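First comes the structure, then the notes that go with it.
Bear in mind the structure is a predicted one, so any value in this text is a computation, not a measurement. Indexing begins at 1, ligand by ligand and atom by atom, following the structure's order.
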Amino acid sequence: MNAYVKTNTFYISIWFWLILGVESYSGWSNHVLTIYPGGSVTIPCYYDKKYTQQKKSWFSEIDKTYTYTNTTEQNLSVIDHPDQSLFTVTMRNLQNKHNGVYYCVVETGEQPSKNIIYECQLMIQSAPDVSLMISSVSGHEGGDISVQCLYSSGYQNKVKQWCRYKDQRCYTVGRTDTSQNSSVQIRDDDGRRSFTVLMTGLRRTDSGWYYCSAGGVINPVHITVTEAEPGTVSDKENQTGIFKKHNNETKYTKETQNNGLLIVWLLPALAALLLLLILVGVFTWRWRRRPKQDKPHIRGRNGSRTTDMIFSKPEDPVI
Ligand SMILES: *[C@@H]1O[C@H](CO)[C@@H](O)[C@H](O)[C@H]1NC(C)=O
Ligand SMILES: *[C@@H]1O[C@H](CO)[C@@H](O)[C@H](O)[C@H]1NC(C)=O
Ligand SMILES: *[C@@H]1O[C@H](CO)[C@@H](O)[C@H](O)[C@H]1NC(C)=O
Ligand SMILES: *[C@@H]1O[C@H](CO)[C@@H](O)[C@H](O)[C@H]1NC(C)=O
Ligand SMILES: CC(=O)N[C@H]1CO[C@H](CO)[C@@H](O)[C@@H]1O
């Protein structure tokens with residue numbers, strides 16, 4: 001499965017690079033999201049502040065369409081949030097036909113003109129590998145929230161992480177190195193096929209998009225930290241997380257490992273482009289050297305030069 005996904009993504013990427021001339025990949029790796037049939041998903045696309053004024057879109061590899069920001073359709077919304085340097089993409093009523101690769105794209109107004117800032121693959125699955133009961137959680141400043149991430153048995157021994165989209169900072173289950181912040185605790189609920197993330201001492205700046213990841217399979221969660229309510233500072237009950245949504249808006253993700261992404265994709269894509277150029281070059285060269293009698297008969301007709309192309313002897317090795 002992973003090999004298939006990877007190969008598939010690889011060719012899609014070549015296609016994208018060759019046809020659209022999209023060049024630049026940042027440090028992110030592509031995520032594969034797995035979602036219930038009929039479910040919904042919201043995907044955050046964080047962009048550099050300098051792109052606040054630029055056109056941004058969601059590109060579907062399936063039907064090769066761009067959906068620009070501030071579009072709201074029945075099953076698709078693409079909404080810009082310039083104050084947070086991100087746009088969100090919400091897809092609803094997901095069906096098998098939505099399986100495929102999608103890109104968040106920024107039109108930079110300079111070279112390269114189209115910049116992929118995020119890539120993900122959607123897979124509709126009736127039994128997702130990694131899932132969430134709640135995809136949006138909120139808490140008060142100074143309070144705590146917890147998020148439970150579920151995974152299937154195949155992921156029992158995989159690395160489990162809690163990451164923030166914005167800076168890609170991750171906390172890993174079972175790792176106790178000092179770089180991990182004690183305000184985020186993450187533990188495996190042994191035997192229950194889930195792990196739980198506890199964020200304590202919430203600050204307003206903790207608001208934003210995070211994801212659960214198990215064995216590289218990710219699943220986005222939105223965290224909202226609201227102002228501490230005056231007079232209720234010591235009200236622990238009210239400071240703990242409020243689970244807002246409990247429906248099929250949870251999201252499921254799956255990811256193949258992507259180390260060396262740039263090299264793995266960039267080099268073959270360049271090689272393919274080079275090969276294409278060489279082929280075109282050889283073809284043009286052969287054509288120019290063709291004996292004159294191949295094309296004279298239609299020369300006079302309407303003065304059309306393009307019709308030249310049609311005439312070639314069937315045994316011509318080039319053709
Ligand atoms: C939205 O999804 C539903 C369910 O798949 C479908 O019946 C409907 O036609 C879709 N709407 C649009 C505008 O595509
Ligand atoms: C999209 O809507 C946001 C507010 O929701 C606004 O700030 C932004 O300028 C809009 N962008 C475009 C391209 O219309
Ligand atoms: C941990 O969080 C505190 C505030 O809660 C912050 O000041 C500190 O820089 C963080 N440390 C790391 C390593 O993230
Ligand atoms: C929590 O705060 C709300 C107001 O936001 C209040 O109505 C409610 O009584 C509080 N709950 C408790 C347990 O104090
Ligand atoms: C929480 C919830 O509503 N879960 C449902 C999501 O959809 C699947 C299948 O459509 C149901 O089996 C779940 O109960």
Side-chain angles (χ1 to χ4, degrees), residues 12 20-22 24 26 28 32-128 131-132 135-138 164-166 204-210 219-227 244-254:
I12 287 163
L20 298 179
V22 175
S24 96
S26 317
W28 48 262
V32 181
L33 292 80
T34 59
I35 304 129
Y36 276 123
S40 305
V41 64
T42 298
I43 297 155
C45 303
Y46 277 91
Y47 52 80
D48 195 298
K49 257 201 174 61
K50 68 184 175 189
Y51 296 141
T52 302
Q53 302 298 323
Q54 306 301 325
K55 278 173 97 177
K56 296 156 212 101
S57 58
W58 175 247
F59 181 80
S60 162
E61 206 284 319
I62 301 158
D63 49 15
K64 319 274 190 272
T65 53
Y66 293 91
T67 305
Y68 285 91
T69 47
N70 295 3
T71 297
T72 304
E73 294 168 5
Q74 188 184 1
N75 297 327
L76 175 65
S77 306
V78 184
I79 306 295
D80 200 3
H81 306 276
D83 51 326
Q84 300 168 59
S85 294
L86 74 92
F87 63 98
T88 52
V89 179
T90 303
M91 299 179 81
R92 290 171 284 266
N93 289 319
L94 285 161
Q95 310 295 331
N96 281 334
K97 65 177 178 185
H98 297 113
N99 282 321
V101 175
Y102 298 82
Y103 303 89
C104 301
V105 178
V106 167
E107 297 188 4
T108 57
E110 57 197 35
Q111 289 300 326
S113 62
K114 284 191 171 64
N115 198 340
I116 299 174
I117 53 170
Y118 187 67
E119 173 186 340
C120 66
Q121 175 161 3
L122 296 193
M123 291 176 77
I124 314 306
Q125 292 184 342
S126 50
S131 57
L132 283 166
S135 59
S136 179
V137 181
S138 77
R164 189 181 172 122
Y165 271 96
K166 204 179 192 165
R204 298 294 295 278
T205 52
D206 291 330
S207 293
W209 287 90
Y210 295 75
N219 197 323
V221 187
H222 188 254
I223 302 284
T224 309
V225 181
T226 56
E227 236 174 289
K244 281 217 164 145
K245 288 183 195 164
H246 190 212
N247 52 23
N248 266 335
E249 289 198 19
T250 52
K251 304 141 205 174
Y252 306 93
T253 56
K254 189 166 192 232

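- A cation-pi geometry, defined here as NZ or CZ lying under 6.0 Å from the six-membered ring centre and within 45° of its normal, does not hold between K56 and Y51.
- Judged by distance alone, the side chains of S207 and T224 never bring a donor and an acceptor atom under 3.5 Å apart.
- Under the 4.0 angstrom criterion for non-hydrogen atoms, E73 is not in contact with ligand 1.
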* **Audit row: L76, W58, side chain to side chain contact (heavy atoms under 4.5 Å, CB included) steps and yes/no** => CA-CA 10 Å; L76 175 65; W58 175 247; 4.1 Å; yes
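- Judged purely by atom type and a 3.5 angstrom limit, E61 has no side-chain atom pairing as donor or acceptor with the backbone of F59.
- Taking all atoms of both residues into account, the shortest heavy-atom contact from S77 to R92 is OG-NH2, 2.6 Å.
- Side-chain atoms of D80 never come within 3.5 Å of backbone atoms of N70 as a donor-acceptor pair (strictly under, hydrogens ignored).
- Ligand 2 is surrounded by N70, D80, P82, each with at least one heavy atom closer than 4.0 Å.
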